[in-house]
Enquirer: 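The structure's right below; bear with me while I get my questions together.
Per chain, numbering begins at 1; letters A, B, ... match sequence-line order.
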2 protein chains.
Amino acid sequence: MTEVARRIAEQAMNYVFNPPTAADPVIDYARPDELIAEFAASVGLAIDPHQQALAADALVGACQTIIDRSMHTTHPRFFNQNFAGPEPIAVVGDWLAAALNTTNATFEVAPVFTMMERTVITKMAGLAGYPVDAAANALPPGILCPGGSSGTLHALQLARHRLRPDVLHTGATGERLVVFVSDTAHYATLKSAALMGLGLQAVIEVDTDENGAMIAVALEAAVTQARAEGAVPFAVVATAGTTVTSAFDPLDLIADTCEAEGLWLHVDGCWGGSALFSSQHAGLMEGVHRSDSLIWNLHKMMGITQQCSVLLVKDPTQLAPVFSTKATYIFQADKQFGEYDAGDRTFHCGRRVDVLKAWLTWKTFGDDGFADRVDHGVALADHTRSKLNERPDFAVLVPGSFTNVCFVWVPPELRPLEMATIAEPDHARLHSLATRIKARMQHDGTAMIGVQPVNGINAFRLLYMNRKVATGDVDAVLDLIADYGEQEWRGTAQ
Amino acid sequence: MTEVARRIAEQAMNYVFNPPTAADPVIDYARPDELIAEFAASVGLAIDPHQQALAADALVGACQTIIDRSMHTTHPRFFNQNFAGPEPIAVVGDWLAAALNTTNATFEVAPVFTMMERTVITKMAGLAGYPVDAAANALPPGILCPGGSSGTLHALQLARHRLRPDVLHTGATGERLVVFVSDTAHYATLKSAALMGLGLQAVIEVDTDENGAMIAVALEAAVTQARAEGAVPFAVVATAGTTVTSAFDPLDLIADTCEAEGLWLHVDGCWGGSALFSSQHAGLMEGVHRSDSLIWNLHKMMGITQQCSVLLVKDPTQLAPVFSTKATYIFQADKQFGEYDAGDRTFHCGRRVDVLKAWLTWKTFGDDGFADRVDHGVALADHTRSKLNERPDFAVLVPGSFTNVCFVWVPPELRPLEMATIAEPDHARLHSLATRIKARMQHDGTAMIGVQPVNGINAFRLLYMNRKVATGDVDAVLDLIADYGEQEWRGTAQ
């Protein structure tokens with residue numbers, strides 16, 4: 001039994017240290033029924049009605065099938081998601097945490113990781129311009145969460161509590177508390193509002209500009225209108241780096257409104273928070289120091305494995321009163337160094353050690369290495385924008401900046417693309433084109449690129465964070481899209 | 001940079017395949033200031049103001065310090081928590097998932113893991129007696145969550161939605177919705193109520209018997225009383241395996257009340273759900289098939305690494321309406337096999353692949369191996385109870401059953417211990433004793449055992465799930481507690 005574990009560990013090591021290259025497929029694509037059939041031939045995917053213990057060879061074979069049929073997210077042609085290119089040092093940091101298998105809830109079972117989590121939170125809070133107390137036993141200004149949505153949920157609960165502290169004990173009163181977020185923001189705010197009993201209607205979407213950034217005067221107007229309608233604004237969620245276009249809401253202007261109106265300012269920097277690592281791009285986060293909380297995912301742009309979400313709060317004393325239940329079976333007052341326990345400052349109980357991989361990667365690359373990663377990503381996006389603007393067979397849909405580029409391939413008959421005047425049948429054909437091209441790429445394993453509607457039409461989104469991606473990869477991917485585009489466009493005409 | 005990652009991978013492998021034994025300390029204890037000083041001598045724990053990229057030797061040295069100073073949760077003397085003894089096969093399953101670094105949100109980036117998650121959920125739902133549709137494309141009756149608290153939060157949101165569907169859109173009205181839970185239950189229900197805007201007061205605690213199990217008639221009375229006071233009951237959270245005493249609420253009787261009163265029955269089986277693996281102990285879960293939802297943590301009793309929390313729901317169609325936001329950038333209707341995507345049936349967005357380690361461990365041990373693990377744990381607890389009852393120097397505080405045993409060491413002057421008549425100064429000395437003994441064990445690294453108040457006095461809790469623990473370990477640990485007890489009792493007298 002140890003032997004099979006060792007062999008699978010070797011498989012995992014081999015995968016990390018001999019990863020797929022551009023010459024390999026990004027995925028060896030199979031449909032659900034094909035996957036089921038393939039596993040059925042060796043170790044079935046299902047846990048059988050009376051599952052037997054399986055032999056080592058069968059298990060090792062199954063792991064090879066798992067590897068072969070999985071998405072290769074380190075691959076230089078993987079652009080499907082807001083994560084890519086995990087660093088080997090982060091992977092092994094994750095491994096060591098798994099090997100030590102503890103929970104980051106209490107000092108007594110996670111002494112090193114409790115202290116380590118504090119140092120990473122403190123450093124990041126400093127980058128965000130939050131006040132930092134350097135004392136080792138100071139309350140850390142934040143907590144790691146199992147994901148960005150969880151972080152935003154925590155932040156909105158803090159926000160509600162500041163305005164209406166009674167709700168924590170006696171429950172919501174029916175008063176219409178509302179939160180503002182841009183119409184291009186992540187769904188975490190909507191999902192949080194639903195879960196918190198605020199209701200989906202408590203989320204007021206604010207208009208955005210052509211890049212997808214919140215329009216500050218539209219926020220002001222929305223707050224005024226909400227008050228006029230009898231609602232009670234309590235928070236704004238500003239996005240730093242939207243999912244689709246990597247737009248940054250104007251934090252300083254939004255902070256003005258929040259200060260004037262007494263609203264909690266939470267920044268969803270899951271993607272764009274990492275701009276703070278770069279002196280070139282930190283300006284995008286101007287004003288973040290005026291926010292009350294910030295969620296920032298290192299597992300997105302920074303090559304850390306899933307998940308590594310850091311919730312920062314300006315006032316560290318706010319967490320415990322909202323999330324503590326002082327459970328005596330774990331957070332005993334008479335326990336040694338219980339004052340360091342993180343577990344009573346979060347909704348979650350057991351928390352996987354997510355900090356080690358981040359700490360280790362940071363110590364390996366240093367601040368400059370982190371900055372380089374961000375700068376490299378933005379430089380690739382700039383290269384892409386410039387290439388696309390040169391080529392008549394592509395149209396950039398959003399002027400944009402930072403890491404993301406949204407565009408379509410334009411069939412010969414429609415060049416130059418005029419979205420305002422395009423005929424409906426052409427629009428419909430063009431709309432279906434990106435998903436058809438994507439399906440071809442998936443099937444062939446040539447690339448994996450996100451597709452989503454932008455300004456009403458399905459568009460590709462290239463976004464950059466993987467250090468392995470070079471300008472040559474970008475050029476190759478654009479050519480690939482153009483080739484598939486030609487073929488598929490003819491297909492839709494038939 | 002690859003070289004240092006490879007060296008750290010070797011360290012992690014060495015740790016997993018040459019784990020600490022009973023002859024090694026369970027922890028090499030250090031205070032926070034000592035930890036900081038020790039790291040400062042090589043690689044500081046803090047991320048420096050301008051953090052440099054560090055050399056390989058320093059990083060490898062730091063990882064050795066991390067290992068040396070961490071809690072050894074595989075150690076046969078680690079009894080501090082509701083997890084222990086992770087299996088090497090689970091660790092490497094976790095490693096392979098980290099190496100492949102994807103999110104279990106969509107089929108397109110997690111084809112194998114999407115299908116695999118369905119099979120594990122389906123098998124577990126079958127064990128719980130939920131109706132199961134074997135079709136590969138059937139909606140899976142559940143979702144993996146990043147922890148048990150998150151699972152209970154999801155379940156309570158489903159429960160509220162069933163009774164008051166308008167709240168999702170228009171928010172809580174001020175109506176006093178209440179949920180019932182035993183007074184020995186986990187704090188997840190309290191924390192969920194606070195987060196959901198129900199308020200902490202919405203949680204009505206129901207009396208328990210001497211073992212810590214909910215008294216069914218007390219539940220009935222509590223529901224009646226709540227209605228009489230104008231509250232609106234909507235759910236009961238029954239516990240299957242409480243944290244301290246591993247008590248099982250009487251699910252069948254509670255289900256009677258829930259059916260009669262129209263209440264959602266959620267079972268917190270984070271700990272005790274695993275009884276379902278064992279034909280000897282599955283009877284403790286009698287009635288679970290009548291529940292509406294069940295949260296069951298494989299990372300607790302089953303040797304899977306953190307986290308592996310499976311939320312099961314009887315009606316699989318209930319998840320999407322409550323948690324979907326139909327975000328077009330990720331869950332496109334025109335995407336291939338999007339109907340398999342799990343991401344729109346959960347609050348969370350990116351989800352780490354937690355299923356592979358469970359699947360691999362299950363395939364390695366088989367159903368019988370899983371049953372053995374549970375049976376082994378309960379047999380050790382039975383051995384402990386029997387030993388303690390034989391020895392005059394110990395007193396079992398809760399008759400109990402299943403995996404947990406709560407007890408105190410009794411000083412010579414207080415034998416036999418009569419808690420009802422103990423004098424206050426003796427009570428105070430005895431109360432402080434367990435934490436003093438624990439501090440000694442921590443300091444010496446001889447054992448790590450949970451201490452918490454039971455019936456008003458600090459008591460030890462031994463609980464069993466680690467396959468490496470044998471009856472000899474139990475006997476040795478009891479002797480250890482007795483030795484420290486003698487010494488510390490004399491200390492308190494001075």
Enquirer: Please classify the contact between B:Thr114 and chain A as side chain, backbone, both or neither, with a heavy-atom cut-off of under 4.5 Å.
Expert: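 No part of it gets close to chain A.
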Enquirer: Please classify the contact between B:Leu100 and chain A as side chain, backbone, both or neither, with a heavy-atom cut-off of under 4.5 Å.
Expert: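 When you check distances to chain A, atoms from both the backbone and side chain of B:Leu100 fall under 4.5 Å.
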Enquirer: Does the side-chain contact (heavy atoms from CB on, under 4.5 Å) test come out yes or no for A:Leu195 and B:Leu195, once each step is laid out?
Expert: CA-CA 8 Å; A:Leu195 206 47; B:Leu195 206 46; 5.7 Å; no
Enquirer: Please confirm whether the backbone N or O of B:Ala194 pairs with a side-chain atom of A:Gln157, one donor and one acceptor, at under 3.5 Å?
Expert: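 Such a contact is found between A:Gln157 side chain and B:Ala194 backbone.
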Enquirer: Given side-chain contact (heavy atoms from CB on, under 4.5 Å), test B:Leu54 with A:Thr364 step by step and report yes or no.
Expert: CA-CA 5 Å; B:Leu54 298 178; A:Thr364 300; over 6 Å; no
Enquirer: Give the C-alpha distance, both sets of side-chain angles, the deciding distance and a yes or no for side chain to side chain donor-acceptor pair (under 3.5 Å) between A:His50 and B:Asp368.
Expert: CA-CA 8 Å; A:His50 188 145; B:Asp368 292 347; 3.2 Å; yes
Enquirer: State whether the side chain of B:Gln307 and the backbone N or O of A:Gly350 hold a donor-acceptor pair below 3.5 Å, judged by distance alone.
Expert: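 Judged by distance alone, yes, a pair lies under 3.5 Å.
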Enquirer: Within the distance-only criterion (no hydrogens, no angle test), does the side chain of B:Lys363 pair as donor or acceptor with the backbone N or O of A:Ala62 below 3.5 angstrom?
Expert: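 Flag not set: sc B:Lys363 to bb A:Ala62 has no pair under 3.5 Å.
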Enquirer: Where do B:Ala136 and A:Ile36 come nearest, in terms of heavy atoms and distance?
Expert: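 So the minimum-distance heavy-atom pair works out to CB-CD1, 3.4 Å.
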Enquirer: Side chain, backbone, both or neither: which part of B:Phe113 has an atom under 4.5 Å from a heavy atom of chain A?
Expert: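 Answer is side chain: those atoms of B:Phe113 sit under 4.5 Å from chain A.
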Enquirer: Step by step, would you call A:Trp95 with B:Val91 a side-chain contact (heavy atoms from CB on, under 4.5 Å)?
Expert: CA-CA 8 Å; A:Trp95 288 7; B:Val91 175; over 6 Å; no
Enquirer: Under 3.5 Å, is there a donor on one side chain and an acceptor on the other for B:Tyr29 and A:Glu108?
Expert: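 Absent: no donor and acceptor within the cut-off.
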Enquirer: Partners of B:Arg31 by salt bridge (charged side-chain N to carboxylate O under 4.0 Å, His left out), sequence neighbours excluded?
Expert: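 With neighbours one apart ignored, the set is B:Asp33, B:Glu34.
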Enquirer: Taking the side chain from B:Lys123 and the backbone from A:Ala46, do they hold a donor-acceptor pair closer than 3.5 Å?
Expert: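 Here the side-chain-to-backbone pair does not exist.
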Enquirer: Could you check A:Leu96 against B:Cys63 for side-chain contact (heavy atoms from CB on, under 4.5 Å), going step by step and ending with a plain yes or no?
Expert: CA-CA 8 Å; A:Leu96 188 52; B:Cys63 286; 4.0 Å; yes
Enquirer: Give a yes or no answer on whether the side chain of B:Lys191 reaches the backbone of A:Phe323 with a donor-acceptor pair at less than 3.5 Å.
Expert: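 Indeed, once roles are kept as given, a pair shorter than 3.5 Å links the two residues.
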Enquirer: Output yes when a side-chain donor or acceptor of B:Thr119 lies under 3.5 Å from a complementary backbone atom of A:Leu45, and no otherwise.
Expert: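 It does hold such a pair.
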Enquirer: Quick check against the 3.5 Å criterion: does B:Arg352 have a side-chain atom that pairs as donor or acceptor with the backbone of A:Gln306?
Expert: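 At least one qualifying donor-acceptor pair exists.
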Enquirer: With a 3.5 Å distance limit and no angle check, can you tell me whether B:Thr305 reaches the backbone of A:Asn101 through a side-chain donor-acceptor pair?
Expert: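 Not a single qualifying donor-acceptor pair exists.
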Enquirer: Could I get the full list of salt bridge (charged side-chain N to carboxylate O under 4.0 Å, His left out) partners for A:Glu10, not counting sequence neighbours?
Expert: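 Partners of A:Glu10 under the salt bridge (charged side-chain N to carboxylate O under 4.0 Å, His left out) test: none.
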Enquirer: What are the two closest non-hydrogen atoms of A:Ile27 and B:Pro111, and how far apart are they?
Expert: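 In this case the closest contact between A:Ile27 and B:Pro111 is CD1-CG, 3.9 Å.
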Enquirer: For the residue pair A:Phe39 and B:Trp359, does the interplanar ring angle fall in the parallel (under 30°), tilted (30 to 60°) or perpendicular (over 60°) class?
Expert: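 Perpendicular.
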